[in-house]
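I have placed the structure first, in the form of structure tokens, so that the comments after it can refer back to it.
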Protein chains: 2
Amino acid sequence: MTSSSAPIKRRDATRTRQLLLDAARHRFASDGYAATTVRDIADDAGVNVALISRYFSSKEGLFEACLTSSVDEMRRTAGGARLDEVAERIVEQLAGIDSDGFPRHLVLLLRSSGDARADEIRVGMLRTFAEKLASLAGWTEGDDELLLRAQVTIAASLGIALLRSNTRLEPLGSAGREDLIGPVTDLITAILRKP
Amino acid sequence: MTSSSAPIKRRDATRTRQLLLDAARHRFASDGYAATTVRDIADDAGVNVALISRYFSSKEGLFEACLTSSVDEMRRTAGGARLDEVAERIVEQLAGIDSDGFPRHLVLLLRSSGDARADEIRVGMLRTFAEKLASLAGWTEGDDELLLRAQVTIAASLGIALLRSNTRLEPLGSAGREDLIGPVTDLITAILRKP
DNA sequence: GTCGGATGTAAACGCCTGTTGACTAATTTC
DNA sequence: GAAATTAGTCAACAGGCGTTTACATCCGAC
């Protein structure tokens with residue numbers, strides 16, 4: 001047997017980059033930017049620390065990459081919903097249907113690094129989402145009240161995501177999709193129903 | 001004139017403690033625990049760094065003190081409301097009627113230091129508030145659905161507070177009490193109205 | 001007035017942070 | 001298969017962190 005069960009690690013820059021990105025998203029989302037060290041991330045990824053600087057030029061750069069990759073992933077999954085599907089989509093994100101029940105993509109949008117460029121990406125994404133959501137509810141440019149309501153909806157959803165992920169407040173902490181769909185639907189329809 | 005406009009600083013431990021506490025609450029709430037340094041806090045308070053260790057024994061200790069003092073203040077202002085007043089009270093906190101439009105007490109409840117004891121205080125407070133709110137809506141022990149709805153309400157409110165305070169997402173960022181009262185009332189009554 | 005505890009100061013401590021440069025090892029190119 | 005390019009390693013760095021220690025200064029009690 002030349003190499004059967006050996007966990008040989010072929011050198012692969014793309015794969016390494018991805019490992020770092022995944023580990024970083026976990027850490028940044030759950031611990032925040034400042035509390036996360038590059039050594040933590042590298043260890044989680046099973047990769048040498050210096051490679052963070054090589055592939056992302058800095059910790060800030062890695063954070064920005066996390067942000068844009070999460071944003072891309074959200075765009076991909078959140079496109080083209082009807083108003084009555086919005087609650088369902090949000091709950092899917094909250095309950096983390098794709099990963100392990102941890103709404104990382106959402107929580108990242110609340111994590112600031114203090115860096116101006118990263119914050120622009122973050123806030124830009126929030127603004128885009130808010131406008132998209134407002135449009136579904138019949139928004140036209142200049143209607144600040146409805147835009148505000150869309151932003152409140154997003155803020156509320158992010159709050160739920162954050163509280164779920166950083167405290168073990170029960171029953172919210174371990175509520176599943178079926179538990180959340182009721183309250184969240186009520187919340188969203190109540191706010192977005194045009195006054 | 002012996003001492004007219006002179007800003008002489010009489011030595012006063014109580015006052016110094018309070019200055020540190022105020023500065024720390026500002027910093028911890030707006031930047032988070034890890035991103036805040038003890039030197040930042042001391043400078044803001046106009047006080048020597050070493051006094052943090054003296055009066056609060058550590059940065060953790062200061063954070064705990066911030067938490068309990070904020071919790072006390074919230075208890076004082078949040079006691080004995082009726083269900084139909086809840087939205088108004090929350091909006092008052094969100095709009096920061098007492099201070100400068102920054103809902104620090106609320107945001108602190110979302111800021112984790114990673115320390116176990118501090119997190120217990122934090123989560124304990126959240127639990128208490130959730131139960132109090134649920135009770136106003138007719139909760140009796142064991143009714144997990146209504147408790148969940150109360151927790152969702154709190155999570156949503158905290159999300160609004162956090163988004164308001166750390167992004168400049170307009171119009172949410174600079175919305176006043178009169179702008180928020182509508183959406184927030186809708187939100188709260190929709191979630192808490194027993195299904 | 002002076003003594004003693006309380007209050008504030010300054011400098012240093014050891015540790016951990018993000019980042020870098022010189023190096024080795026693997027992979028691709030010809 | 002040798003050369004050249006890419007991928008990964010290792011150790012050190014300068015700076016900032018929270019904390020401590022030894023010292024100056026103020027203030028109230030006697």
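Labels below follow one simple rule: chain letters A, B, ... track the order of the sequence lines, proteins then strands, and each chain is numbered from 1.
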Side chain [X], main chain [Y], donor-acceptor under 3.5 Å:
{"X": "A/R149", "Y": "A/I191", "answer": "yes"}
{"X": "A/R164", "Y": "A/A175", "answer": "yes"}
{"X": "B/Q151", "Y": "A/E170", "answer": "yes"}
{"X": "A/S57", "Y": "A/S53", "answer": "no"}
{"X": "B/R168", "Y": "A/V123", "answer": "no"}
{"X": "A/S165", "Y": "A/L162", "answer": "yes"}

(message) Cation-pi check for B/F28 against B/K59: NZ or CZ below 6.0 Å from the six-membered ring centre and within 45 degrees of the axis, yes or no?
(response) no
Give the rounded distance in Å between these two atoms: [atom1] of [X] and [atom2] of [N].
{"X": "B/D12", "N": "C/dG5", "atom1": "CG", "atom2": "P", "value": "21 Å"}
{"X": "A/R17", "N": "D/dG8", "atom1": "CZ", "atom2": "C1'", "value": "16 Å"}
{"X": "A/L20", "N": "C/dG18", "atom1": "CG", "atom2": "P", "value": "14 Å"}
{"X": "B/R15", "N": "D/dC27", "atom1": "CZ", "atom2": "P", "value": "13 Å"}
{"X": "A/L62", "N": "C/dT17", "atom1": "CG", "atom2": "C1'", "value": "15 Å"}
{"X": "A/F56", "N": "D/dG8", "atom1": "CZ", "atom2": "C1'", "value": "15 Å"}
{"X": "A/L51", "N": "C/dT24", "atom1": "CG", "atom2": "P", "value": "18 Å"}

(message) Taking side chain to side chain contact (heavy atoms under 4.5 Å, CB included) as the criterion, tell me which of A/L147, A/V152, A/L126 meets it with B/L172.
(response) A/V152
Atom pairs, N/O to N/O, protein against nucleotides 28-30 of chain D, distance under 3.5 Å?
unit_1	atom_1	unit_2	atom_2	d
D/dG28	OP1	B/R10	NH2	3.2

(message) Tell me which pairs pass ring-ring contact (aromatic ring centres under 6.0 Å, His included) where either residue lies in residues 67-96 of chain A, with sequence neighbours left out.
(response) none
(message) Please determine whether a side-chain nitrogen of the Lys or Arg among A/R82 and A/D84 lies less than 4.0 Å from a carboxylate oxygen of the Asp or Glu.
(response) yes
(message) Expected output is a numbered-order residue list: members of residues 111-119 of chain B with a heavy atom under 4.0 Å from any atom of DNA chain D. What is it?
(response) none
I'd like a list of close polar pairs between nucleotides 2-4 of chain C and the protein, N/O only, cut-off under 3.5 Å.
none

(message) What does the B/S/- profile of nucleotides 11-25 of chain D look like, 5' to 3', with a 4.0 Å heavy-atom cutoff to protein?
(response) -B----BBBB----B
(message) Regarding A/Y55, tell me which of base, sugar-phosphate or nothing describes its non-hydrogen contacts under 4.0 Å with the strands shown.
(response) sugar-phosphate
(request) Apply side-chain hydrogen bond (donor to acceptor under 3.5 Å, both in side chains) to B/D44 and list each qualifying residue two or more places apart in sequence or on a separate chain. (result) B/R27
(request) Would you give the length of the straight line joining atom CG of B/L21 to atom CZ of B/F56, rounded to the nearest 0.5 angstrom? (result) 5.0 Å
(message) I'd like to know if A/L67 and A/I154 are part of one continuous hydrophobic network [Ile/Leu/Val/Met/Phe/Trp/Tyr, side-chain heavy atoms within less than 4.5 Å].
(response) no
